[in-house]
K.L.:
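So that we are looking at the same thing, I have put the structure below in structure tokens.
First the proteins, then the strands, lettered A, B, ... as listed; each starts at 1.
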Amino acid sequence: MNYWLMKSEPDVFGIEHLKAMPKKTEHWDGVRNYQARNMMRDDMKRGDQVFFYHSNCDEPGIVGIMEVVREGYPDHTAHDPESKYYDPKSDPDNPRWYMVDVKYKRTLKRVITLNELKTYKSLEDCPLVRKGNRLSIMPLTKKQWDFILSLETRKAKA
DNA sequence: GCCAACGTTGGC
DNA sequence: GCCAACGTTGGC
């Protein structure tokens, strides 16, 4: 099993949106970055665990957990001229962009903020805390996953 | 294939 | 709203 972190802006699609979806499941569309695309297309497997991260908001951080329920398949929004994710260069017969389906599992007891994550030595290799990192999907090691999860019931660090 | 210009992400 | 970082595009 693999572990991941996926970013989304809570104003656009936050964890509450996912929770409110039918079957608490939604496709993760709109990713237009090749590195992230490759991970969704090739590496994310059903049952993989994913942290839901809120970006571009008052308190950026990890807010919950979801699970991959459908493996990579073409992102249809790339071929919809009405969509803001429309990409005229993607050929429907040879789709350029992929997505996965994720299902809401639970909301963490507290938000583990980026600010806090940055203070831990054991996470210094995680792309998330590196300056200028813009990857919206990133893999986590089991160690990193377990460590972050252990923070949930710990008191927030200043 | 280089690289400048441009666009986007996302923290602050 | 600013701007640093970085990906993408396109001229050459």
Side-chain angles (χ1 to χ4, degrees), chain A residues 2-21 26-44 48-66 68 72-102 104-105 107-141 144-145 147-152 154-158:
Chain A
N2 296 312
Y3 300 91
W4 307 91
L5 179 145
M6 292 166 107
K7 297 181 186 175
S8 184
E9 300 186 22
D11 293 344
V12 180
F13 188 81
I15 193 161
E16 290 307 317
H17 295 98
L18 180 63
K19 192 179 176 181
M21 296 303 293
E26 179 62 307
H27 45 263
W28 202 266
D29 60 13
V31 172
R32 297 291 177 267
N33 168 285
Y34 287 104
Q35 244 181 300
R37 187 278 311 267
N38 292 347
M39 290 187 266
M40 289 203 291
R41 190 190 56 190
D42 306 330
D43 299 328
M44 296 184 85
D48 283 0
Q49 303 296 110
V50 187
F51 280 132
F52 197 128
Y53 177 93
H54 280 174
S55 67
N56 219 347
C57 55
D58 285 348
E59 203 175 43
I62 294 169
V63 294
I65 297 175
M66 48 194 176
V68 177
Y73 63 107
D75 180 346
H76 55 82
T77 62
H79 309 123
D80 174 9
E82 299 295 306
S83 169
K84 70 168 180 167
Y85 301 124
Y86 179 56
D87 179 2
K89 280 180 275 193
S90 179
D91 174 1
D93 292 328
N94 183 20
R96 177 179 294 195
W97 304 114
Y98 280 71
M99 59 189 180
V100 297
D101 286 357
V102 287
Y104 171 90
K105 285 191 74 180
T107 301
L108 295 186
K109 295 185 183 72
R110 65 181 185 92
V111 177
I112 304 172
T113 64
L114 175 63
N115 224 4
E116 179 183 350
L117 292 170
K118 279 178 176 168
T119 66
Y120 299 111
K121 193 130 202 338
S122 32
L123 294 176
E124 66 185 2
D125 290 332
C126 181
L128 182 66
V129 302
R130 295 231 198 90
K131 199 179 172 188
N133 162 67
R134 290 164 50 195
L135 252 195
S136 62
I137 300 176
M138 66 190 76
L140 296 175
T141 65
Q144 291 167 339
W145 174 277
F147 177 76
I148 293 170
L149 210 48
S150 78
L151 298 174
E152 181 185 13
R154 242 197 258 179
K155 204 171 174 208
K157 211 163 145 179

K.L.:
Mind calculating the distance between CZ (A:Arg96) and P (C:dG7) to the nearest angstrom?
P.N.:
17 Å

K.L.:
Per the end-axis method with five pairs at each terminus, what is the bend angle of the helix from B:dG1-C:dC12 to B:dC12-C:dG1, to 10°?
P.N.:
10°

K.L.:
In whole Å, I'd like the distance from the OH atom of A:Tyr85 to the C1' atom of B:dT8.
P.N.:
13 Å

K.L.:
Checking contacts here: which listed nucleotide (C:dT9, C:dT8, B:dG11) is nearest the side-chain heavy atoms of A:Tyr34?
P.N.:
C:dT8

K.L.:
Nearest whole Å is fine: how far is B:dG11 C1' from A:Glu59 CD?
P.N.:
13 Å

K.L.:
Please report the distance, rounded to the nearest Å, between CG in A:Asn33 and P in B:dT9.
P.N.:
9 Å

K.L.:
Ignoring hydrogens and angles, state whether a donor on the side chain of A:Arg32 or A:Thr77 is under 3.5 Å from an acceptor on the partner side chain.
P.N.:
yes

K.L.:
To the nearest 0.5 Å, what is the distance between CG on A:Asn115 and CD on A:Glu59?
P.N.:
9.0 Å

K.L.:
Which of parallel (below 30°), tilted (30 to 60°) and perpendicular (above 60°) describes A:Phe52 and A:His54?
P.N.:
perpendicular

K.L.:
Residues from residues 124-140 of chain A sitting under 4.0 Å of DNA chain C, heavy atoms only?
P.N.:
A:Lys131, A:Gly132, A:Arg134

K.L.:
Measure up the A:Tyr34 and A:Trp97 rings against each other and bin them: parallel (under 30°), tilted (30 to 60°), perpendicular (over 60°).
P.N.:
tilted

K.L.:
Answer yes or no: is there a side-chain heavy-atom contact under 4.5 Å between A:Lys19 and A:Ile15?
P.N.:
no

K.L.:
Tell me whether the side-chain N/O atoms of A:Tyr53 come closer than 4.0 Å to OP1 or OP2 in B:dG11.
P.N.:
yes

K.L.:
What is the distance from CG of A:Asp87 to C1' of B:dT8, rounded to the nearest Å?
P.N.:
14 Å

K.L.:
Between A:Asp75 (side chain only) and A:Met99 (backbone N and O only), is there a donor and an acceptor less than 3.5 Å apart?
P.N.:
no

K.L.:
Given atom NZ of A:Lys84 and atom P of B:dG7, what is their separation to the nearest angstrom?
P.N.:
18 Å

K.L.:
Using only heavy-atom distances, determine whether the side chains of A:Asp80 and A:Tyr85 contain a donor-acceptor pair under 3.5 Å.
P.N.:
no

K.L.:
Between P on B:dG10 and CD on A:Glu9, what's the gap in Å once rounded to a whole number?
P.N.:
7 Å

K.L.:
C:dT9 phosphate, OP1 or OP2: any side-chain N/O from A:Lys89 under 4.0 angstrom?
P.N.:
yes

K.L.:
Only distances under 3.5 Å count here; give the side-chain donor-acceptor pairs of residues 121-130 of chain A to other protein atoms, sequence neighbours excluded, each with its distance to 0.1 Å.
P.N.:
from: A:Lys121; atom 1: NZ; to: A:Glu124; atom 2: OE2; distance (Å): 3.2
from: A:Arg130; atom 1: NH2; to: A:Asp125; atom 2: O; distance (Å): 3.1

